[in-house]
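This report refers to the structure that appears directly beneath it.
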2 protein chains.
Amino acid sequence: MPAAQRREQILAEASKVFGERGYAGATTDQVAQAAGISQPYVVRLFGTKEKLFLEVIERAQNKLAARFRGVIAETSADDGQAGLARRLGFAYVDLIEDRGILLALMQAFITGHDPAIGPRARAGFLATYHILRDEAGFSPDEVREFLAAGMLFNTLLALRLPDVFDDDEAARELMECTFSTKLDLVLGVSGSP
Amino acid sequence: MPAAQRREQILAEASKVFGERGYAGATTDQVAQAAGISQPYVVRLFGTKEKLFLEVIERAQNKLAARFRGVIAETSADDGQAGLARRLGFAYVDLIEDRGILLALMQAFITGHDPAIGPRARAGFLATYHILRDEAGFSPDEVREFLAAGMLFNTLLALRLPDVFDDDEAARELMECTFSTKLDLVLGVSGSP
DNA sequence: GTCTATACGGCGATAGAC
DNA sequence: GTCTATCGCCGTATAGAC
């Protein structure tokens with residue numbers, strides 16, 4: 001397999017592994033096994049575990065930015081801000097059907113203390129802020145509301161709340177209330193394979 | 001030092017260490033050093049690293065629940081739901097002046113996949129939901145909005161956004177817009193010691 | 001109640017062959 | 001482009017003394 005393709009495949013698998021276990025909890029061998037190659041080869045291709053993690057984060061942030069820009073570009077002005085927010089919300093849910101991406105983003109947030117990873121995590125988050133405010137034309141308050149909804153969304157999925165969806169009345173109510181029309185998408189994301 | 005007091009001291013230090021590094025990234029030796037005792041003694045007192053982490057989470061969740069119940073109890077009915085929400089928001093900000101508590105809660109969220117930790121993390125989150133809905137009397141939508149604001153709050157602090165407060169116009173704007181009147185509290189939380 | 005010494009396993013990274 | 005073998009460190013947990 002050509003190196004470029006192999007790198008992308010490894011990054012995709014690494015997103016899942018890092019997402020599940022966190023930066024420290026994940027091992028390069030788990031990534032290697034997920035990709036069907038040997039552990040030293042993973043290290044060979046990316047230098048160190050930390051560099052691999054940074055590339056995973058960067059990839060996730062780039063995909064998010066590209067998706068948002070795509071939605072903004074193809075939404076006509078007469079949909080209004082509310083319509084645009086709605087489309088962006090759907091795009092976000094759809095994006096993290098690749099579950100590795102959501103979890104990579106979240107892991108970046110909570111690794112904010114790290115001297116190497118923290119700055120990049122902040123830069124990515126602020127980049128999203130700028131896209132929403134400067135390119136989508138949201139007011140600061142609209143951006144805040146949009147981001148807050150996204151963070152709750154992230155948390156509920158990270159907690160695996162859909163796993164107890166059937167057993168717990170409160171969990172079901174909170175999920176339905178949070179995702180409303182997006183619910184079928186969400187259940188598709190985290191339902192059994 | 002009596003065992004009970006020692007345990008509480010270790011739990012407080014462990015909250016900070018686990019909060020900074022995550023469950024996998026933190027070591028029992030770091031906890032021991034923070035508490036000024038030997039690593040084997042930490043293990044001796046709590047059995048395993050996992051059990052220590054579970055106690056850290058439980059302690060944080062209990063403190064949160066106790067704080068919210070206290071606010072609900074001492075708020076008179078004629079403050080209205082908006083007034084109660086405001087008080088609860090302030091209480092939350094104040095609670096995580098003990099920074100270890102906030103980070104322990106967040107770490108619990110993203111360790112949701114873990115067979116031992118996940119169930120407890122979900123239980124704690126749903127307990128908060130029940131307090132807000134059944135004891136504070138919020139509607140599901142009000143609870144959702146309250147929780148979403150809290151999750152954004154968590155994320156901004158985890159990212160250490162206040163650290164770049166002075167250098168980045170967007171970071172400043174987002175922080176001000178998110179915390180508004182709570183801002184002085186927040187800056188007190190993460191400012192230099 | 002707390003320590004020192006240490007066994008044991010696991011992980012990141014390197015060396016070097018094919 | 002990819003592997004096997006392996007080194008050396010580090011972290012959890014145990015044993016046992018004081």
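Just so you know, these numbers use all the heavy atoms, side chains as well, and skip hydrogens, waters and symmetry mates. Computed from a predicted structure; not experimentally measured.
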### Message
Could you check whether A/Arg172 pairs with A/Asp167 (Lys NZ or Arg NE/NH1/NH2 to Asp/Glu carboxylate O, under 4.0 Å)?
### Response
no
### Message
Regarding B/Arg133 and A/Glu169, does a basic nitrogen lie under 4.0 Å from an acidic carboxylate oxygen?
### Response
yes
### Summary
Residues of residues 6-34 of chain B with a heavy atom under 4.0 Å from any atom of DNA chain C, listed by number, are B/Arg6
### Query
What integer distance in Å separates B/Lys49:NZ from C/dG10:C1'?
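Nearest whole value for this atom pair: 13 Å.
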### Query
Within this structure, what is the CZ-to-C1' distance between A/Arg44 and C/dC11, rounded to whole angstrom?
19 Å
### Task
Spell out, as yes or no, whether a donor-acceptor pair under 3.5 Å connects the side chain of B/Glu13 to the backbone of B/Val31.
no
### Message
Given 3.5 Å as the limit, does a donor-acceptor pair link the side chain of B/Arg120 with the main chain of B/Ile57, or not?
### Response
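No.
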For atom [atom1] of [X], is the number of surrounding heavy atoms from other residues, nucleotides or ligands below 6.0 Å larger than 12?
X: B/Arg59; atom1: CZ; value: yes
X: A/Arg7; atom1: CZ; value: yes
X: A/Arg21; atom1: CZ; value: no

### Task
Could you check whether B/Ile37 gets within reach of a base, just the sugar-phosphate, or nothing at all, counting any heavy atom under 4.0 Å?
sugar-phosphate
### Task
Might you work through the side chain to side chain donor-acceptor pair (under 3.5 Å) test for B/Tyr92 and B/Asn154, ending with a clear yes or no?
CA-CA 10 Å; B/Tyr92 187 66; B/Asn154 291 352; 2.8 Å; yes
Polar atom pairs between nucleotides 6-9 of chain C and protein, under 3.5 Å, N or O only, would you list them?
none

### Candidate pair B/Arg122 and A/Val164, rule side-chain contact (heavy atoms from CB on, under 4.5 Å), full reasoning
CA-CA 9 Å; B/Arg122 284 187 284 276; A/Val164 294; 4.0 Å; yes
### Query
Heavy atoms, side chains only, cut-off 4.5 Å: are B/Ile101 and B/Leu64 in contact?
no
### Message
With heavy atoms of chain B within less than 4.0 Å as the criterion, where does contact along DNA chain D begin and end?
### Response
D/dG11 to D/dG16
